[in-house]
Amino acid sequence: MSHIGLEETLLGGQSFSWTATTESSWKGVIGKSVVELRLTKDRLTWRTGKKHPFAEKKLRNYLWLDPSFAEAVDSLPWRSDPVLDRCMKALPGLRILRQPMDEVLLVFLLSSVKSIPQIKEMKELVARKYGEPLELDLWSFPGWERLAEIPEAELRDLKMGYRAKYVHGVARQIAINPSMLREVVEQPYEEAKAKLLGLPGVGPKVADCCLLFGASRTNAFPIDTWISKTLEMHYGLGGWSNNQQAHFAFKHYGKHAGLAQQFLFSGERLGLHEKA
DNA sequence: ATCCAGGGTGGAG
DNA sequence: CTCCACCCTGGA
């Protein structure tokens, strides 16, 4: 685990629950637990609040700290793909977090045409207003049952804009079918994705983000503007439709294409491919 | 001051 | 498949 790899994992746009507290420590909320991570000389340590403790076993799962991570990394085509290899070498230890599906769905519902700081702000406004206070300046995600009680207009005041309609609509659908998100996490990829696509404001990109970040489906390959740009600039896929690019991704990157996506996304974001 | 784009989606042509 | 409105905010 490298400093840049962990920093990108926590702050690079797959989670909006973490904040840097010092140069090498980060504080985040998982469910109702507050967790602080610290990385000193390649060694990861952590502590958790005592009111809502987060077990070590759960944290290891959240951070994908089991041998299947190394296997997934090795399965990527870095041997034959210099673009991917450059990203992987620059971001050692970058990984996919195993986050709670309900929170992931909210933040990516809010993500359309928004930057990372803006998404984080909207999420924090929701938590602050409707969530449970955990620490000074930290609140939990309120849950979809709570969000279902809130009028759309009230959500609009939280800087959501037209996304308020999506949040309200999704909350109502989940209220009608409370087991839906659990099913999405458990079902095979195709069925789960179809179920997510039935929700208002959830298109292919958001659905794949939910499956990748909230259900450990590392084959899910969300295609956003950054990835599309990478595929155009460095793989010669200019003019390809999103479907064509998705097909390429699955064939080229394999069953953990979503992990490749995260390396490429961060690489593009950090400008790794700018010519020196 | 205006203009524009920021991890898209839904609806129409 | 392509085009564009959708809300709002911050930076050029």
Side-chain angles (χ1 to χ4, degrees), chain A residues 7-18 87 91 94-97 99 101 103-126 129 150-173 193-215 217-218 220-234 237-249 253 257-273:
Chain A
E7 172 117 333
E8 266 302 294
T9 299
L10 298 174
L11 308 180
Q14 63 172 298
S15 175
F16 302 87
S17 305
W18 294 87
C87 298
L91 297 158
L94 177 67
R95 61 198 56 233
I96 306 294
L97 298 171
Q99 303 176 74
M101 170 61 82
E103 295 186 40
V104 171
L105 175 57
L106 174 70
V107 292
F108 285 97
L109 213 44
L110 296 175
S111 71
S112 79
V113 200
K114 283 291 179 186
S115 62
I116 291 174
Q118 291 174 313
I119 299 165
K120 196 157 185 278
E121 186 188 10
M122 288 184 281
K123 186 204 170 182
E124 285 171 358
L125 286 171
V126 169
K129 187 151 186 185
I150 300 158
E152 180 187 327
E154 201 173 310
L155 294 171
R156 260 176 202 262
D157 292 337
L158 305 180
K159 303 191 178 183
M160 286 187 195
Y162 62 83
R163 298 160 200 81
K165 182 156 42 116
Y166 300 157
V167 173
H168 185 71
V170 166
R172 294 196 59 91
Q173 292 248 10
K193 186 166 180 180
K195 195 161 281 186
L196 286 167
L197 289 174
L199 295 171
V202 178
K205 191 272 179 185
V206 171
D208 276 330
C209 284
C210 290
L211 291 169
L212 178 59
F213 303 130
R217 301 303 167 76
T218 50
F221 192 89
I223 295 183
D224 56 56
T225 53
W226 293 90
I227 278 299
S228 204
K229 181 182 167 194
T230 291
L231 294 179
E232 283 174 26
M233 303 279 291
H234 308 297
L237 304 193
W240 289 40
S241 72
N242 280 14
N243 271 337
Q244 291 170 315
Q245 291 187 343
H247 188 252
F248 166 85
Y253 299 114
L259 179 59
Q261 189 269 0
Q262 205 56 29
F263 280 112
L264 295 167
F265 175 80
S266 287
E268 192 67 52
R269 227 171 61 82
L270 299 176
L272 288 185
H273 309 301

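Source: prediction; values computed, not measured.
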Partner of A/Ser17 by side chain to side chain donor-acceptor pair (under 3.5 Å), out of A/Lys120, A/Lys123, A/Gln99:
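That would be A/Lys123.
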With pairs taken as Watson-Crick or G-U wobble and both distances under 3.5 angstrom, which stems of at least three consecutive pairs involve DNA chain C?
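Stem list for DNA chain C: B:2-6 with C:8-12, B:8-13 with C:1-6.
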Over 60° means perpendicular and under 30° means parallel, so classify the ring planes of A/Phe221 and A/Tyr253, tilted if in between.
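Because their plane-to-plane angle is under 30°, the rings of A/Tyr253 and A/Phe221 count as parallel.
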Minimum-distance pair of heavy atoms, taken over all atoms of A/Val206 and A/Ser111
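Closest heavy-atom pair between A/Val206 and A/Ser111: CG2-OG, 4.5 Å.
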Looking only at heavy atoms, which two atoms of A/Ser266 and A/Leu94 are closest? And how far apart?
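Answer, listing the atom of A/Ser266 first, then A/Leu94: OG-CD2, 3.9 Å.
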Using atom [atom1] of [X] as one end and atom [atom2] of [N] as the other, report the distance to the nearest whole Å.
X	N	atom1	atom2	value
A/Leu196	B/dG8	CG	P	18 Å
A/Leu109	B/dG6	CG	C1'	17 Å
A/Leu197	B/dG11	CG	C1'	16 Å
A/Gln245	B/dG8	CD	C1'	15 Å
A/Leu199	B/dG8	CG	C1'	15 Å

4.5 Å side-chain heavy-atom contact, A/Pro204 and A/Leu197
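Touching, per the 4.5 Å side-chain cut-off.
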Do A/Gln14 and A/Ile96 have side chains that approach each other closer than 4.5 Å (heavy atoms only, starting at C-beta)?
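SC-SC contact between A/Gln14 and A/Ile96 confirmed.
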How far does NZ of A/Lys205 sit from OG1 of A/Thr225, to the nearest 0.5 angstrom?
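It is 8.0 Å, given to the nearest 0.5 Å.
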Which ones in residues 200-207 of chain A lie close to DNA chain B, meaning a heavy atom under 4.0 Å from one of its atoms?
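Heavy-atom contacts with DNA chain B come from A/Pro200, A/Gly201, A/Val202, A/Gly203, A/Pro204, A/Lys205, A/Val206.
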Near DNA chain B, which residues from residues 220-232 of chain A have a heavy atom under 4.0 Å away?
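Within residues 220-232 of chain A, the residues near DNA chain B are A/Asp224, A/Thr225, A/Trp226.
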Taking salt bridge (charged side-chain N to carboxylate O under 4.0 Å, His left out) as the definition, give me every residue that meets it alongside A/Glu232, ordered by chain and number, with sequence neighbours left out.
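For A/Glu232, no residue satisfies salt bridge (charged side-chain N to carboxylate O under 4.0 Å, His left out) once neighbours in sequence are set aside.
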For the pair A/Glu154 (side chain) and A/Pro151 (backbone), establish whether a donor and an acceptor sit closer than 3.5 Å, ignoring hydrogens and angles.
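Pair absent, no side-chain N/O of A/Glu154 close to backbone of A/Pro151.
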Can you check whether A/Ile150's main-chain N or O pairs, donor with acceptor, with A/His168's side chain at less than 3.5 Å?
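Yes.
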Protein proximity profile, nucleotides 6-12 of chain C - base contact B, sugar-phosphate-only contact S, no contact -, cut-off 4.0 Å on heavy atoms
BBBB---
Just call it for A/Glu268: base, sugar-phosphate, or nothing, with non-hydrogen atoms closer than 4.0 Å on any strand.
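No contact.
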What verdict does the side-chain contact (heavy atoms from CB on, under 4.5 Å) test give for A/His234 and A/Glu268, after you've listed the backbone C-alpha separation in whole Å, the side-chain angles of each residue and the deciding distance to 0.1 Å?
CA-CA 10 Å; A/His234 308 297; A/Glu268 192 67 52; 3.8 Å; yes
Among residues at least two apart in sequence or on other chains, which ones pass side chain to side chain contact (heavy atoms under 4.5 Å, CB included) with A/Ser112?
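With neighbours one apart ignored, the set is A/Tyr162, A/Arg163.
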Counting the benzene-type ring for Trp, do A/Phe108 and A/Phe16 have ring centres under 6.0 Å apart?
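Ring centres of A/Phe16 and A/Phe108 closer than 6.0 Å.
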Using atom P of each nucleotide, how far apart are B/dA1 and C/dC7 to the nearest Å?
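Taking atom P in both B/dA1 and C/dC7, they lie 24 Å apart.
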